[in-house]
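Only one structure is covered here, and it is reproduced in the block below.
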Number of protein chains: 2
Amino acid sequence: MPAADLVKTWGARLQAEGYRLTAQRRAVLQVLVESAASLSPAEILQRARQHVPETGLVTVYRTLEVLTTCGAARKVHRPDGCHSYAPASEGHMHHIICERCRAVLEFEGCDLGTLFKTVQRRTGYKVQAHWLELFGLCPACRQKGMRDKQIHK
Amino acid sequence: MPAADLVKTWGARLQAEGYRLTAQRRAVLQVLVESAASLSPAEILQRARQHVPETGLVTVYRTLEVLTTCGAARKVHRPDGCHSYAPASEGHMHHIICERCRAVLEFEGCDLGTLFKTVQRRTGYKVQAHWLELFGLCPACRQKGMRDKQIHK
DNA sequence: GTACTTGCAAATAATTTGCAAATAT
DNA sequence: ATATTTGCAAATTATTTGCAAGTAC
C-alpha cells in the first residue's frame, strides 16, 4: 500500500479508537510509513518538523505510544538499550535490522514453535513470550559494502 | 560448579587478563554467581554491599563491564530498555527469563541456523548477529501460580 | 612505587510528568 | 462546549565521566 494511503488508513483507525487526529500525529505517522528504516524518537521529530514545524519531542513520544497501541508502529530494541520505531505490517512479529543504514524489515515468526517446545521440555520453563531480532546487512548495503571494498583496494 | 569455586575461577581469569582483583570486584562476582536470577546494577549493588559495604554504584557498573568482557557475566536486555546481568555459563548464548521472579537460564542456540537461512533467502539481508530472549515462568513459579490459583478460588 | 581502581559529585542521555494554553470533535 | 492534545520546562531514571585519594601487585 502506498504511503499516503497508509496514513489515511491508520489515521482512520486512530479516530475509530477514540483518538483525535491532529496535525502532529499525522506528521509522525507519515514519517513512519515513509521510512524504510527504524527511527529514534529524535530522528522522527526532526523529520516530522519538516511537515509540521511546531512539533515537540514530547508529542513524538506520546504519539509513538498511541501508534504502538493501535498497531501502526512497532518498538524496536537496539543493542544499546535505546528504542527505535518502525512501521508495522500485518501480523508479523520479528525484525531484521540493517546494522549499517538501520533499514528494517519484518518477517514471519517461522518455526520458532519447535524451538519453544524444545526449550520448554529441557528447562521446565513455560514459554509465554519471546523477543527475536536479527541484525545484518540489507541488500543495498551489501552492494555498497562490496563497492567500497573495491574502491578502497 | 559450586559458587565459591566459580568466584575463584573467574577471579583468576580476571587477573590473567591483567585486571586487579579487588574486594569490590570479588563481591560483585560473588553476588552474580550466587544468584539464579538476572539482576539490575542497583540490585547487585545492594547485595554486594552485604559483603563489602564501601561499594559504589559506579564500581558495580564498571565491574559488570569487566566481567562481561571476560565472559563471566552476560547482559540481559529487559523489555523496558534497562539491562540486567546474569552469570554466564559456557558457550551458550540465549536466555529464558522468568517474568515473575526473574530467574534466568541459558540455553543453547539450537537450530536457529535454519531460520537464519530462510530469512536470508527471503529478505536478501545477510544475517550477522541476532538477539533472542524468551520470557515465561520458571518451574517454581509455575507451581506457585497454580497454588495461588487454588488459594484464591 | 606505580599503574590500576575506587568513590564521589557532576555530566549526559533518554524518557516522563505537571500544567496552562490550544484545538479537534 | 468540552475533553483531548499540545509544548514547554522541570523531574526522573539509567548510565557515564572527571578527578583526587586509595590500593593491588
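None of the values given here were measured: they were computed from a predicted structure. The sequence lines fix the lettering, A, B, ..., with proteins before strands; numbering per chain opens at 1.
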For this session: Please check if atom CD in B/Gln128 has more than 12 non-hydrogen atoms from other residues, nucleotides or ligands closer than 6.0 Å.
Result: yes

Exercise. Do other residues, nucleotides or ligands put more than 12 heavy atoms under 6.0 Å from the CD atom of B/Gln120?
Worked result: yes

Choose from [options] the nucleotide whose nearest atom is closest to any side-chain atom of [X].
{"X": "A/Val58", "options": "D/dT5, C/dT17, D/dT16", "value": "C/dT17"}
{"X": "B/Arg62", "options": "D/dC19, C/dA14, C/dC4", "value": "D/dC19"}
{"X": "A/Thr59", "options": "C/dT16, C/dT5, D/dT6", "value": "D/dT6"}

For this session: Check every strand shown and say whether A/Ser40 touches a base, only sugar-phosphate, or nothing at a heavy-atom separation below 4.0 Å.
Result: nothing

Could you state the atom-to-atom distance from [atom1] of [X] to [atom2] of [N] in whole Å?
{"X": "A/Arg49", "N": "D/dT6", "atom1": "CZ", "atom2": "P", "result": "14 Å"}
{"X": "A/Lys75", "N": "C/dA14", "atom1": "NZ", "atom2": "P", "result": "14 Å"}
{"X": "B/Leu57", "N": "D/dT16", "atom1": "CG", "atom2": "C1'", "result": "11 Å"}
{"X": "B/Gln24", "N": "D/dG22", "atom1": "CD", "atom2": "C1'", "result": "10 Å"}
{"X": "A/His77", "N": "C/dA14", "atom1": "NE2", "atom2": "C1'", "result": "15 Å"}
{"X": "A/Gln15", "N": "C/dA24", "atom1": "CD", "atom2": "P", "result": "11 Å"}
{"X": "A/Leu64", "N": "C/dA14", "atom1": "CG", "atom2": "P", "result": "15 Å"}
{"X": "B/Leu14", "N": "C/dC4", "atom1": "CG", "atom2": "P", "result": "15 Å"}

With a cut-off of less than 4.0 Å, is there a side-chain N or O of [X] near OP1 or OP2 of [N]?
{"X": "A/Arg25", "N": "D/dT5", "answer": "yes"}
{"X": "A/His83", "N": "C/dT15", "answer": "yes"}
{"X": "B/Thr55", "N": "C/dT6", "answer": "no"}

Problem set entry | Pair B/His94, B/His130: side-chain N/O donor-acceptor within cut-off below 3.5 Å | yes

Problem set entry | Worked check of side chain to side chain contact (heavy atoms under 4.5 Å, CB included) between B/Ile96 and B/Val104 | CA-CA 6 Å; B/Ile96 174 153; B/Val104 130; over 6 Å; no

For this session: Check the pair A/His95, A/Glu133 against side-chain hydrogen bond (donor to acceptor under 3.5 Å, both in side chains), reporting the backbone distance first and the verdict last.
Result: CA-CA 5 Å; A/His95 296 96; A/Glu133 275 175 28; 4.9 Å; no

Exercise. Taking for each residue the nucleotide of DNA chain D with the nearest heavy atom, is it B/Tyr61 or A/Leu21 whose nucleotide lies nearer the 5' end?
Worked result: A/Leu21

